[in-house]
Amino acid sequence: MRRIVPLRHREDWRTLGFLAALFALLVVQWSGVCRHWLLLPPTCALAFVACVIKHNHMHCRTFANRAWNRAFEHLLGVATGQAATSIVAVHNERHHGGNNREDDCVRCAQFGFARRWLNLLVFPFVAVWRVQRHRAGDLHRWRRERPALYRRSVRERAVVFVFVTVLAVADWRATLLYLGGPWLFAHWAIVTINLLQHEGCDPASAHDHSRNITGRSINWLCLNNGFHTAHHERPALHWSRLPAYHRQHVAPWIGAVLNERSLCAAAWRQFFAPR
C-alpha cells in the first residue's frame, strides 16, 4: 500500500481518515444532501483537527514524495480555508523560535486581566491582529530570502481564493454557513489553544515551558497535540512518537501541575476556577 500512497508513517492513515470525514461532511451540507444542526459540531471539531493536521505536516512532512506533499498542502488549504504555508512564519519561525517572546504573535503576556476568562475571550483577537500586521512583511521577506517558499505560498493562496470564490458564487449562503462557520471555529480554537498550552509556564525552563494534556481520548482525536512540551523540544518529531518522548524525556522532570489528563479540567482550572 505504501507504494500506492507513499506515507512516511503508517499512523497517518488516521490523518487521511479524519480529512476524508471532514470533506464528506462539508460536501453533504454545502450541496444540500443533508443539512441538520447536529452535523455542525462534528464538522467544527474535524475542521479543528484539520488545522492540527496542517500544523503537523508543516513540521514533519506526511508523504515521502515531494509532489504528494505539495498536493497535500493544497488539500489542507481547501480543508481549512487558509494556505498551509501561512503558518510557517507565525508558528514555525516566531512561536518555536521565540516562545512567549516579543516576536511571538501568540505570546501569552500581551495582557493580564484579573478575571482570567477575559484573557481567553480577548486573546484570539489580539493574536490575529498581530499575525495580520506581520503577514505582508513576511511575504516580502520570503520573496528575498526564501523564493521557493514564497512561490509555494502564492500558489496555495491562489488555489484557496479560487476555491472559495467559485463556491461563494454558486451559493454564498451555504458557503458562509457550512464552510465559513467551521473554518472560523477551527482557527479560533487553534489560536486560542496556545493560551492554555503556555500561560503560566516558564519559557526559559528546559521543560516547564508548556502545559500538556495527556488523556488518551483527546490525543487520539487531536493526533497527540496534547503532548506540547515534547513537541516544542522536538518540533520535527512525528506526532505518533510524542507520547513515548513525553514519558521518557518530559514526565520525569516537568512540574506535575503542567500535566493534565482532561482538556476541560485544565481549561476550568486555568481560566475559571478561583485561585
Side-chain angles (χ1 to χ4, degrees), residues 1-29 39 41-88 90-92 95-96 152-153 155-156 159-160 163 179 182-183 185-191 193-194 197 212-247 263:
M1 184 59 98
R2 184 171 291 184
R3 292 180 181 179
I4 302 173
V5 182
L7 289 172
R8 296 177 61 202
H9 301 272
R10 59 182 176 82
E11 291 85 356
D12 274 316
W13 282 109
R14 192 192 313 172
T15 293
L16 300 184
F18 283 147
L19 286 176
L22 172 62
F23 277 112
L25 285 171
L26 294 177
V27 167
V28 298
Q29 291 174 93
L39 293 178
T43 306
C44 290
L46 285 170
F48 168 69
V49 174
C51 287
V52 172
I53 292 169
K54 180 166 66 177
H55 159 271
N56 292 346
H57 175 79
M58 298 312 291
H59 278 291
C60 178
R61 300 296 179 263
T62 305
F63 297 95
N65 182 291
R66 181 178 179 180
W68 278 74
N69 283 320
R70 294 295 174 267
F72 190 61
E73 285 155 17
H74 286 297
L75 185 70
L76 290 172
V78 169
T80 60
Q82 188 180 59
T85 50
S86 64
I87 72 169
V88 172
V90 175
H91 182 79
N92 297 51
H95 182 57
H96 278 272
R152 279 172 56 196
S153 183
R155 287 193 295 267
E156 287 178 19
V159 168
V160 172
F163 173 76
L179 276 76
W183 285 346
F185 170 83
H187 289 293
W188 169 81
I190 202 72
V191 169
I193 198 70
N194 282 277
Q197 290 168 330
N212 301 282
I213 309 299
T214 61
R216 181 174 298 178
S217 299
I218 190 65
N219 278 295
W220 185 88
L221 177 64
C222 295
L223 305 172
N224 293 330
N225 196 250
F227 296 99
H228 205 62
T229 300
H231 171 63
H232 266 266
E233 293 181 11
R234 292 284 302 278
L237 189 65
H238 189 258
W239 61 265
S240 63
R241 310 296 191 258
L242 292 177
Y245 184 94
H246 177 88
R247 288 191 298 270
L263 175 63

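The shown structure was predicted, so the numbers you read here are calculated from the model rather than taken from an experiment.
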(message) Tell me the closest heavy-atom pair linking A189 and F48, and the distance in Å.
(response) CB-CD1, 3.5 Å
(request) Determine whether H91 and M58 make a side-chain contact, defined as any pair of heavy atoms from C-beta on separated by less than 4.5 Å. (result) no
(request) Can you see which heavy atom on R14 is nearest to which on W220, and at what distance? (result) NH1-O, 3.0 Å
(request) Could you tell me which non-hydrogen atom of A230 sits nearest to which non-hydrogen atom of H246, and how far apart they are? (result) CB-N, 4.3 Å
(message) Enumerate the salt bridge (charged side-chain N to carboxylate O under 4.0 Å, His left out) contacts for residues 76-87, please, sequence neighbours excluded, ordered by first and then second residue.
(response) none
(request) Compare every heavy atom of L19 with every heavy atom of A50, then report the nearest pair and how far apart it is. (result) CB-CD2, 4.0 Å
(request) Answer yes or no: is there a donor N or O on one side and an acceptor on the other, between the side chain of W183 and the main chain of A79, under 3.5 Å? (result) yes
(request) First locate atom NE2 of H74, then atom CZ of R155, and finally report the distance between them rounded to the nearest 0.5 Å. (result) 6.5 Å
(request) State, with a plain yes or no, whether a side-chain heavy atom of F72 is found less than 4.5 Å away from one of T15. (result) yes
(request) Return yes if some donor-acceptor pair links the side-chain N/O of K54 with the main-chain N/O of I87 below 3.5 Å, else return no. (result) no
(message) Set out, in order, the CA-CA distance, both residues' side-chain angles and the distance that settles side-chain contact (heavy atoms from CB on, under 4.5 Å) for W68 and L7, then state yes or no.
(response) CA-CA 9 Å; W68 278 74; L7 289 172; over 6 Å; no
(message) Between R8 and C60, is the side-chain contact (heavy atoms from CB on, under 4.5 Å) condition met? List the steps.
(response) CA-CA 10 Å; R8 296 177 61 202; C60 178; 3.7 Å; yes
(message) Can you confirm whether L223 sits close enough to F18 that some side-chain heavy atom of one is under 4.5 Å from a side-chain heavy atom of the other?
(response) yes
(message) Restricting to salt bridge (charged side-chain N to carboxylate O under 4.0 Å, His left out), what partner residues turn up for R241, sequence neighbours left out?
(response) E11
(request) Give me the one residue out of N224, T62, D12 that meets side chain to side chain donor-acceptor pair (under 3.5 Å) with H238. (result) D12
(message) Donor-acceptor check, side chain of N56 to backbone of W239, threshold 3.5 angstrom: yes or no?
(response) no
(message) Using every non-hydrogen atom in the two residues, find where A47 and P182 come nearest and quote the distance to one decimal.
(response) CB-O, 3.6 Å
(request) Report the C-alpha distance between I213 and H228 in whole Å, list the side-chain angles of each, state the deciding distance to 0.1 Å, and finish with yes or no for side-chain contact (heavy atoms from CB on, under 4.5 Å). (result) CA-CA 8 Å; I213 309 299; H228 205 62; over 6 Å; no
(request) Would you confirm whether N194, through its side chain, and I190, through its main-chain N or O, come within 3.5 Å as a donor-acceptor pair? (result) yes
(request) Output yes when a side-chain donor or acceptor of N212 lies under 3.5 Å from a complementary backbone atom of T214, and no otherwise. (result) no
(message) Between E73 and R61, is there a side-chain heavy-atom distance shorter than 4.5 Å?
(response) yes
(message) Using side-chain heavy atoms (C-beta onward) and a distance below 4.5 Å, is N219 in contact with L242?
(response) no
(message) Measuring from atom CZ of F185 to atom SG of C51, what distance do you get when rounded to the nearest 0.5 angstrom?
(response) 10.0 Å
(request) Would you indicate whether the side-chain heavy atoms of H96 and H231 approach each other to under 4.5 Å? (result) yes
(request) To the nearest 0.5 angstrom, please state how far the CG atom of L75 sits from the CG atom of N69. (result) 12.0 Å
(request) Could you please spell out the steps behind the side-chain contact (heavy atoms from CB on, under 4.5 Å) verdict for L22 and V49? (result) CA-CA 9 Å; L22 172 62; V49 174; over 6 Å; no
(request) Examine distances only and state if a side-chain atom of E156 and a backbone atom of G77 form a donor-acceptor pair shorter than 3.5 Å. (result) no
(message) Looking at every non-hydrogen atom in both residues, tell me the closest pair between A21 and L46 and how far apart they are.
(response) CB-CD1, 3.8 Å
